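The model shown is predicted, which means the values in this text are computed figures rather than measured ones.
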Amino acid sequence: MDVAIEELSEAADARSRRIRSIYNIFGLVYAMLGDNAKAKQNFQRAISLAPERFRYPAQLGLVSVQQRPAARVDPGVRARAAQSVLQDA
């Protein structure tokens with residue numbers, strides 16, 4: 001039984017990592033589409049699943065900055081952020 005519990009725990013951890021990455025990728029896609037509300041919502045979900053991951057709050061911050069008309073993030077920054085996230089997924 002101990003082995004079964006250990007394997008189930010490992011499977012749950014792996015699933016959690018995939019889910020938080022999926023929410024993060026959703027956030028990136030929505031941000032690139034200009035839907036900042038949905039992007040923020042997905043980044044917040046990723047953060048709630050993995051508050052220790054520094055990239056999720058950073059990406060949420062970028063989306064928040066972009067909502068201000070005077071502040072726009074260079075598209076190259078977004079592309080590099082998306083690439084780094086996909087490499088981590």
Side-chain angles (χ1 to χ4, degrees):
M1 282 304 224
D2 290 337
V3 173
I5 290 172
E6 185 176 323
E7 287 187 21
L8 285 171
S9 294
E10 289 175 15
D13 287 344
R15 183 172 184 262
S16 177
R17 284 190 298 273
R18 284 192 303 271
I19 290 172
R20 71 184 188 209
S21 292
I22 289 168
Y23 281 126
N24 189 49
I25 293 168
F26 267 125
L28 289 170
V29 170
Y30 281 123
M32 289 180 191
L33 292 173
D35 191 337
N36 291 335
K38 286 185 181 177
K40 287 174 78 171
Q41 182 181 42
N42 281 281
F43 288 138
Q44 288 168 340
R45 286 179 180 164
I47 291 167
S48 72
L49 292 171
E52 73 281 359
R53 298 287 296 185
F54 71 91
R55 286 187 181 165
Y56 303 159
Q59 290 162 340
L60 176 61
L62 284 174
V63 169
S64 297
V65 167
Q66 282 192 323
Q67 285 185 310
R68 291 186 256 158
R72 294 286 177 220
V73 176
D74 182 331
V77 172
R78 277 193 252 159
R80 286 189 299 277
Q83 279 183 326
S84 69
V85 168
L86 292 174
Q87 289 172 353
D88 287 348

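- Here the shortest heavy-atom pairing between K38 and N42 reads O-ND2, 2.9 Å.
- What you find for A31 and A39 is that their closest heavy atoms are N-CB, 3.6 Å.
- No continuous path of ILVMFWY side-chain contacts below 4.5 Å connects Y23 to L60, so the two sit in separate hydrophobic clusters.
- No continuous path of ILVMFWY side-chain contacts below 4.5 Å connects L62 to F26, so the two sit in separate hydrophobic clusters.
- Checked against salt bridge (Lys or Arg N to Asp or Glu O under 4.0 Å), R20 has the following partners two or more places apart in sequence or in another chain: E52.
- Here F43 contributes atom CZ and I25 contributes atom CD1; the two are 10.0 Å apart, rounded to the nearest 0.5 Å.
- Connection of V63 to I47 is established within a shared hydrophobic cluster, with ILVMFWY side chains joined at heavy-atom distances below 4.5 Å, either directly or through further cluster members.
- Side chains of N24 and Q59 form a contact here, defined as non-hydrogen atoms less than 4.5 Å apart.
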